[in-house]
Amino acid sequence: DLDREIDSLLKAISTQNKIIRLEFIKLPHNLALEVMAHYLRQNGYISFNSKLLNHVVVAAKAYANGKKFSVNAKNYILIDKNHITFKTI
């Protein structure tokens, strides 16, 4: 089933609840969307739409090291050289 495959892929490209950025960047955009949606849900963030998800994926792939992408008033994605991490303020 697709959900299990996405979960396996996420486990393969993550460590200590952080996505390995270089591996994530290599994913085709449509697959990166699915992986990021799964990652956000695993971290308890379930209130997102496709537009926000797309912005998160683009930020995760393109933002400079040390930048943050605000998901909402309480959560953000921290992008550094090696990892993408979901954080709560």
remark   = Between P28 and K61, the two heavy atoms sitting closest are C-NZ, 4.2 Å
Non-hydrogen side-chain atoms of H29 and N54 separated by less than 4.5 Å = yes
ask   = Any idea which heavy atoms bring L33 and L53 closest together, and the distance?
value = O-CD2, 3.5 Å
query = Is any side-chain heavy atom of Y76 closer than 4.5 Å to a side-chain heavy atom of T88?
reply = no
task = Over 60° means perpendicular and under 30° means parallel, so classify the ring planes of Y45 and F86, tilted if in between.
result = tilted
Working for side chain to side chain contact (heavy atoms under 4.5 Å, CB included), residues L31 and L9 = CA-CA 10 Å; L31 185 54; L9 177 58; 3.7 Å; yes
ask   = What is the minimum heavy-atom distance between L52 and N49, and which atoms define it?
value = N-OD1, 2.8 Å
message = Could you check whether any side-chain heavy atom of D80 comes within less than 4.5 Å of a side-chain heavy atom of K67, counting everything from C-beta outward?
response = no
inquiry  = For a 4.5 angstrom cut-off between non-hydrogen side-chain atoms, does T15 reach H83?
reply    = yes
key: Shortest non-hydrogen separation from I6 to V35 and the atoms involved   = CG2-CA, 4.1 Å
message = Between V56 and I84, is there a side-chain heavy-atom distance shorter than 4.5 Å?
response = no
key: Side-chain heavy atoms of R21 within contact of N82, under 4.5 Å   = no
Salt-bridge criterion met for R4 and D7 (N-O under 4.0 Å) = no
ask   = What residues form a side-chain contact (heavy atoms from CB on, under 4.5 Å) with S47, not counting sequence neighbours?
value = none
ask   = Would you call I79 and T85 a side-chain contact if the rule is heavy atoms closer than 4.5 Å?
value = no
task = State plainly whether one hydrophobic cluster holds both L2 and M36, where clusters connect Ile, Leu, Val, Met, Phe, Trp and Tyr through side-chain heavy atoms under 4.5 angstrom apart.
result = yes
key: Partners meeting side-chain contact (heavy atoms from CB on, under 4.5 Å) with E23 (sequence neighbours left out)   = I13, I20, K26
message = When you compare the side chain of I19 with that of L10, does any pair of heavy atoms fall below 4.5 Å?
response = yes
request  = Enter the distance from S14:OG to Q42:CD here, rounded to the nearest 0.5 Å.
outcome  = 7.5 Å
Verdict with reasoning, V57 to F24, per side chain to side chain contact (heavy atoms under 4.5 Å, CB included) = CA-CA 9 Å; V57 168; F24 186 77; 4.2 Å; yes
task = Quick one: name the residues clustered hydrophobically with L22, using the 4.5 Å side-chain heavy-atom rule over I, L, V, M, F, W, Y, and just say none if it's on its own.
result = none
Candidate pair V71 and F48, rule side chain to side chain contact (heavy atoms under 4.5 Å, CB included), full reasoning = CA-CA 9 Å; V71 177; F48 57 87; 5.8 Å; no
ask   = Got a donor-acceptor contact below 3.5 angstrom from the Y39 side chain to the N17 backbone?
value = yes
message = To the closest 0.5 Å, what do you measure between CD1 (I77) and CG (L40)?
response = 5.5 Å
request  = State whether the number of non-hydrogen atoms from other residues, nucleotides or ligands found under 6.0 Å of I89 atom CD1 is greater than 12.
outcome  = yes
